[in-house]
2 protein chains.
Amino acid sequence: MSVSLKDVADAAGVSIATASRVLNNSRKVTPDTAQRVRAVAKSLGYVLNPLGKALRQGDSDVVGVIVPVISNPFYSALVQCLELEVEKCGYKCLIADSLGELDIEEDRMRTLSSRRVRGIFVVPAYFDLSANIVKEISAQIPVIQVDRRVSDEYAAPFVGIDNEDGIAKLLAHLKGQGVKTATYVGADNRTSAGRERRSALEQLAPKYGIQLTAHVLNRFLFSFGFEAVSTILSRGELPDALIGADDLIATGLLAGLAEHNLMVPRDVVVTGFDGTLLSEVSVPRLTCIKQPLEQIAEAAVAALESQRLRPGQHNWSTTVKGTLQIGGSTARSS
Amino acid sequence: MSVSLKDVADAAGVSIATASRVLNNSRKVTPDTAQRVRAVAKSLGYVLNPLGKALRQGDSDVVGVIVPVISNPFYSALVQCLELEVEKCGYKCLIADSLGELDIEEDRMRTLSSRRVRGIFVVPAYFDLSANIVKEISAQIPVIQVDRRVSDEYAAPFVGIDNEDGIAKLLAHLKGQGVKTATYVGADNRTSAGRERRSALEQLAPKYGIQLTAHVLNRFLFSFGFEAVSTILSRGELPDALIGADDLIATGLLAGLAEHNLMVPRDVVVTGFDGTLLSEVSVPRLTCIKQPLEQIAEAAVAALESQRLRPGQHNWSTTVKGTLQIGGSTARSS
DNA sequence: CTGAAAGCGCTTACAG
DNA sequence: CTGAAAGCGCTTACAG
């Protein structure tokens, strides 16, 4: 049905080897012949079949991307940035999600690996449980952990935000707004992001003169933030600030507070983390740490390339710093 | 490096033909032999290389999905549903976005086609400009248009929401809330969704006793909704309702109104379309038409299968009806 | 029931 | 500079 390299070669009166060389600019070919082949290829509408190429070379031009949930605005934005960056290298992206479940994650990684992708970007579902699969696949093809990492530091390189720096910026801002007490509505220990943000907060809050009441912990979900409001209210007094572990939780908090007729920032200020669409869409806008996604994507692609060139070095990581994005949700002084 | 079918066959003392048959359950093989092959395959950690299979069969187990922008919550949700449904058939998804640009869309479709995917789901970027490429690729492999369609009704089957029905439900609800005047903050004629929603509104509003002021039209963007508020205010009187063409525009309206210290629903009611995460996250929640994504995904996959079985019939479509999701943004009677 | 062989489309040593 | 040939991993008529 579709035209193959052989068709082109025949029509041009050359061997398929020559045709291949012309179309890949791989070796010097008589200009005359080259031109003829190119013309024929064009007129016949030849398009390379990447399957044959990949099979032969044991290596495709596809890169895999695995995120927990593609419909989480943070991940859909991350995926888009990664895709853009990957395409600059002339590769294509195969995108998949793990739904945050270990067995799906394993399936995705094995499938991609068997397809001989050039490499995999993965946001591991779990800090500890995902370590094995990341390490296993990482031994076969280049794997880069993005946004989250697994417990085993020799599993694969990591690229992501500096959570501690982000939390520090948030605390400095809150302090400037006169915040004295805060409650962390955060993520549990399942993921590295959850761990790092929580421990940074615990460590740094005292330095900014902010007193933390008991955390409310769960997963990165809007519904969790929404419900957390009731939990906190049932305790009695509301703190000056509610610190959400990400934008999803934070917008959940905004919605929950509205449900209880509490005004933000008048009654309590709220912060998020990520700087997703949600933070811009919410009313009031969410103060949060904006992740430099382009930069992360760029670093991730660079990491993958470096991993391809000299494999075996897995215990390194790249962190980038986020920026404080100030919204109305913490405009306490006004 | 990785173990191939030949390795398995050798280790099991059979031909690769037999090994292949066992692993595919394709023909009767002596139970004894079959068991042995299976055992060997397992112990060697054999995993099929889909490249070889696809090359041989001229057909892979991959399905392509092309949406305009993956970071639009509606499309990321759609992609997730499609992926889930596609996997039920044992296929994998190759996801890509066109950024709403024709040349990228063309590149994506051609690339997928050259990879011999089993079929493509596409949300065409343009109503008229995308017609050619959809038709071209549709002649090669099964293509299903989802959510939007192109002008040429013989291009490819379509699966999506019944926009007219959705608009009617919205109008009925608004009428019940005592709305007499409304402004449509909508999408232009670039896409079929934009066209259909607008023309349905123009046609149906009078029947519900709702008077439309001049439309404000542009693309499906949060920023457009946000800015549209100024445009409308500069005209003078605010209508009873602002009807956003989708949730992105509608939440933009909410944010824009808040910026002008206008209260929703007190000063004006607002509606959206799609029922994305944004509609739930916004404060107040957005009244809108919720798209039955699971149902759409199911129908789309069924359409693809039917297209594979008997190709050539392109001029049919499946529409599903959305449901009215009532939020605080139209709670006028309260 | 099983195997030897062809062939999907491609690239790349190896000769010339 | 160019071509004949091997081979990537797989499936499937074709014989037996």
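Residue numbering restarts at 1 for every chain, and letters A, B, ... go by the order of the sequence lines. If you're wondering where the values come from, they're calculated on a predicted model, not measured in any experiment.
Atom CG of B:N25 is separated from atom P of C:dC1 by 14 Å (rounded to the nearest Å). Protein atom CG of B:D7 is 10 Å distant from nucleotide atom C1' of D:dG9, rounded to whole Å. As rounded to whole Å, 17 Å separates atom C1' of C:dC8 from atom CZ of B:R115. At whole-Å resolution of the value, CG in B:L51 and C1' in D:dG9 are 9 Å apart. Atoms CG (B:L55) and P (C:dC10) sit 9 Å apart, rounded to a whole Å. Rounded to an integer number of Å, the gap from B:K6 NZ to D:dG7 C1' is 12 Å. Summarising the geometry, the separation between CG on B:D32 and C1' on C:dT2 is reported as 14 Å, rounded to the nearest angstrom. Taking atom NZ on B:K53 and atom C1' on D:dC8, their separation rounds to 17 Å, with Å as the unit.
Taking A:L55 as the reference, B:N49, B:L51, B:L55 meet the side-chain contact (heavy atoms from CB on, under 4.5 Å) condition, with sequence neighbours excluded. Partners of B:R118 under the side chain to side chain donor-acceptor pair (under 3.5 Å) rule, at least two apart in sequence or in another chain, are B:Y91. In this view, B:Q295 satisfies the side chain to side chain donor-acceptor pair (under 3.5 Å) rule with no residue, not counting sequence neighbours.
Separation of the P atoms belonging to C:dA5 and C:dC1 is 23 Å when rounded to the nearest angstrom.
For D:dC1, the OP1/OP2 oxygens have no side-chain nitrogen or oxygen of A:T33 closer than 4.0 Å. Residue B:Q57 has no polar side-chain atom (N or O) positioned under 4.0 Å from OP1 or OP2 of D:dC10. For B:S4 and D:dC8, the shortest distance from a side-chain N or O to OP1 or OP2 is not below 4.0 Å.
Identified under the salt bridge (charged side-chain N to carboxylate O under 4.0 Å, His left out) test for residues 122-134 of chain A, with sequence neighbours left out: none. Among residue pairs with one or both ends in residues 64-77 of chain B, those qualifying as side chain to side chain donor-acceptor pair (under 3.5 Å) are A:Q80-B:S71, B:Y75-B:D147, B:Y75-B:R148; sequence neighbours excluded.
Taking the charged nitrogens against the carboxylate oxygens, A:K88 and A:E85 do have a contact shorter than 4.0 Å, which makes a salt bridge.
Here the shortest heavy-atom pairing between B:V150 and B:Q145 reads N-OE1, 2.7 Å.
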> Under a cut-off of 3.5 Å for both distances of each Watson-Crick or G-U pair, what dot-bracket string does DNA chain D give, using [ ] for crossing pairs and | for inter-strand pairs?
Replying inline: |||.||||||||.|||
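For A:N49, the side-chain atoms get nearest to C:dC10 when compared with the rest of C:dC10, C:dT2, D:dG9.
If you check every strand for non-hydrogen atoms under 4.0 Å, B:L5 touches a base.
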Kindly list each side-chain donor-acceptor pair under 3.5 angstrom involving residues 151-161 of chain A, sequence neighbours excluded, with atom names and distances?
{"from": "A:S151", "atom 1": "OG", "to": "A:F127", "atom 2": "O", "distance (Å)": "3.4"}
{"from": "A:D152", "atom 1": "OD1", "to": "A:Y154", "atom 2": "N", "distance (Å)": "2.7"}
{"from": "A:D152", "atom 1": "OD2", "to": "A:K135", "atom 2": "NZ", "distance (Å)": "2.8"}

Let me check something: any side-chain donor-acceptor pairs from residues 35-42 of chain B under 3.5 Å, sequence neighbours excluded? List them with distances.
{"from": "B:R36", "atom 1": "NH1", "to": "B:A12", "atom 2": "O", "distance (Å)": "2.4"}
{"from": "B:R38", "atom 1": "NH1", "to": "B:V22", "atom 2": "O", "distance (Å)": "3.4"}
{"from": "B:R38", "atom 1": "NH1", "to": "B:N25", "atom 2": "OD1", "distance (Å)": "3.4"}

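When each of B:A34 and A:L48 is assigned the nucleotide of DNA chain C bearing its nearest heavy atom, the one mapping closer to the 5' terminus is B:A34.
Residues A:T111 and A:S114 have side chains that never bring a donor and an acceptor to within less than 3.5 angstrom of each other.
Contacts between residues 8-24 of chain B and DNA chain C, counted as heavy-atom distances below 4.0 Å, involve B:V14, B:S15, B:A17, B:T18, B:R21.
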